[in-house]
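First up is the structure itself, then whatever we jot down about it.
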Amino acid sequence: MMVDLDPSGQVTQKPADRAQRQYLNYAFYKLDPAFRRLSQSEQAELKQEFTAAVEGWLDAPAEAGRILRTYSTVGTRAETDFMLWRMAFDLRDFNDAQARLNRTRLAGYLTQPYNFISMQKRSQYVNRVEGSGHGLELLPGEGTYLFVYPFVKTRAWYDLSPHARQGMMDEHIYASGPFKGVRLNTSYSYGIDDQEFIVAFDSDYPQEFVDLVGRLRYTEASLYTHRDTPMFTCVKKDLAGLLGDLA
């Protein structure tokens, strides 16, 4: 595939693409300490009710494409305690997921400091790199850790020529090559959330991820990063383990 010389579509008047795509939701929650002052039996009852609501969302036809991965952020992020990573083919499914939680008693002890939504989309940069895949094959939750952050490019990035942008991304991809233990899931938020992308790195090796991010700071494309925080280190746990971290 050649470099896209008309990313704005003004020359070719590219038609709108209405093909089905996968949506992603990174929902972060914080527990009110008042929950920990409840009796152990009441805590257990509320956790059981909450678990049923979370798992009940997955009871849907296969074509809905609903996927859920659960993570604890206890001890890794001060303002959040856990994250639910949801995937579906319909944005309204995230509305349904949260509505189910809102009807539980445990939700009365939860706030939601962050909630990101995004969409899977074929990358215009990686397709021309041999062996890079198509940017649509998402394998969520394969690693012990998930490193998540919203990402925004500077407006100057979009003013560069297509060849200049592609050259910088080729360098970026090449620099990432040795880090085989880190899997990248990039999704797009243009127009549906405040950021432009959500970047999620899946890995068993935090040390490798730290070195990868450090190395990418030296690539030219990093000069065009406007915002890439807050950054969340999420530890994969099942619901029982996640809720056990809360109280």
Nearest heavy-atom neighbours spanning [X] and [Y]:
X      : Y      : result
Leu5   : His163 : CD2-CE1, 3.3 Å
Asp4   : Lys14  : OD2-NZ, 3.0 Å
Leu160 : Arg165 : O-NH1, 2.6 Å
His172 : Ala221 : ND1-CB, 4.3 Å
Leu58  : Leu68  : CD2-CB, 3.9 Å
Ala247 : Lys47  : O-NZ, 2.7 Å

Quiz item: What do the steps show when you test Glu45 against Arg105 for salt bridge (Lys or Arg N to Asp or Glu O under 4.0 Å), and what is the final call?
Solution: CA-CA 10 Å; Glu45 184 180 341; Arg105 287 170 289 171; 3.0 Å; yes
Exercise. Assess whether side-chain contact (heavy atoms from CB on, under 4.5 Å) is satisfied between Ser176 and Leu212, documenting all intermediate values.
Key: CA-CA 7 Å; Ser176 304; Leu212 168 61; 3.8 Å; yes
Enumerate, atom names and distances included, each donor-acceptor pair closer than 3.5 Å involving a side-chain atom of residues 228-235, sequence neighbours excluded.
none

Roughly how far, to the nearest 0.5 Å, is the [atom2] atom of [Y] from the [atom1] atom of [X]?
X      : Y      : atom1 : atom2 : answer
Gln22  : Ile67  : CD    : CD1   : 5.0 Å
Leu184 : Ile173 : CG    : CD1   : 9.5 Å
Glu55  : Leu239 : CD    : CG    : 5.5 Å
Tyr23  : Gln120 : OH    : CD    : 12.0 Å
Asp90  : Glu63  : CG    : CD    : 12.0 Å
Lys237 : Leu242 : NZ    : CG    : 8.0 Å

Are the side chains of [Y] and [X] in contact, using a 4.5 Å heavy-atom criterion?
X      : Y      : value
Tyr188 : Arg21  : no
Lys121 : Asp17  : no
Asp193 : Asn115 : no
Met168 : Tyr224 : yes
Leu110 : Asp32  : no
Asp202 : Asn185 : yes

Are any side-chain N or O atoms of [X] and backbone N or O atoms of [Y], one a donor and one an acceptor, separated by less than 3.5 Å?
X      : Y      : result
Thr73  : Thr80  : yes
Ser203 : Gly181 : yes
Asp81  : Leu31  : yes

Quiz prompt | Stepwise side-chain hydrogen bond (donor to acceptor under 3.5 Å, both in side chains) test for Gln98 and Asn102 | solution = CA-CA 6 Å; Gln98 186 57 44; Asn102 289 346; 2.8 Å; yes
Practice problem: Verify the distance criterion only: is there a donor paired with an acceptor across the side chains of Gln166 and Asp170 at less than 3.5 Å? | Solution: yes
Quiz item: Is Asp96 paired with Arg66 through a side-chain N to carboxylate O contact shorter than 4.0 Å?
Solution: yes
Check whether [X] and [Y] end up in the same hydrophobic cluster, where Ile, Leu, Val, Met, Phe, Trp and Tyr are linked by side-chain heavy atoms less than 4.5 Å apart.
X      : Y      : answer
Tyr145 : Val74  : no
Trp157 : Tyr190 : yes
Ile198 : Met87  : yes
Tyr114 : Trp85  : yes
Leu91  : Met119 : yes

Step through the shown structure and confirm whether more than 12 heavy atoms of other residues, nucleotides or ligands are within 6.0 Å of [atom1] on [X].
X      : atom1 : value
Tyr174 : OH    : no
Gln48  : CD    : no
Tyr205 : OH    : no

Exercise. Decide yes or no on side-chain hydrogen bond (donor to acceptor under 3.5 Å, both in side chains) for Gln10 and Asp6, but give the supporting numbers first.
Key: CA-CA 7 Å; Gln10 295 180 73; Asp6 183 31; over 6 Å; no
Quiz item: Parallel under 30°, tilted from 30 to 60°, perpendicular over 60°: which one fits the rings of Tyr29 and Phe82?
Solution: parallel
Practice problem: Please test Arg69 against Leu146 for side-chain contact (heavy atoms from CB on, under 4.5 Å), starting from the C-alpha separation and ending with a verdict. | Solution: CA-CA 10 Å; Arg69 299 291 185 267; Leu146 189 71; over 6 Å; no
Practice problem: Could you check Gln195 against Ser189 for side-chain hydrogen bond (donor to acceptor under 3.5 Å, both in side chains), going step by step and ending with a plain yes or no? | Solution: CA-CA 6 Å; Gln195 66 284 335; Ser189 298; 3.0 Å; yes
Self-check item: Any residue meeting ring-ring contact (aromatic ring centres under 6.0 Å, His included) with Phe35, in chain and number order, not counting sequence neighbours
Solution: Tyr109
Practice problem: Go through the steps to decide whether Thr154 and Thr225 satisfy the test side-chain contact (heavy atoms from CB on, under 4.5 Å), and finish with yes or no. | Solution: CA-CA 6 Å; Thr154 65; Thr225 298; over 6 Å; no
Practice problem: Pick out which of Tyr26, Phe209, Phe201 makes a ring-ring contact (aromatic ring centres under 6.0 Å, His included) with Phe147. | Solution: Phe209
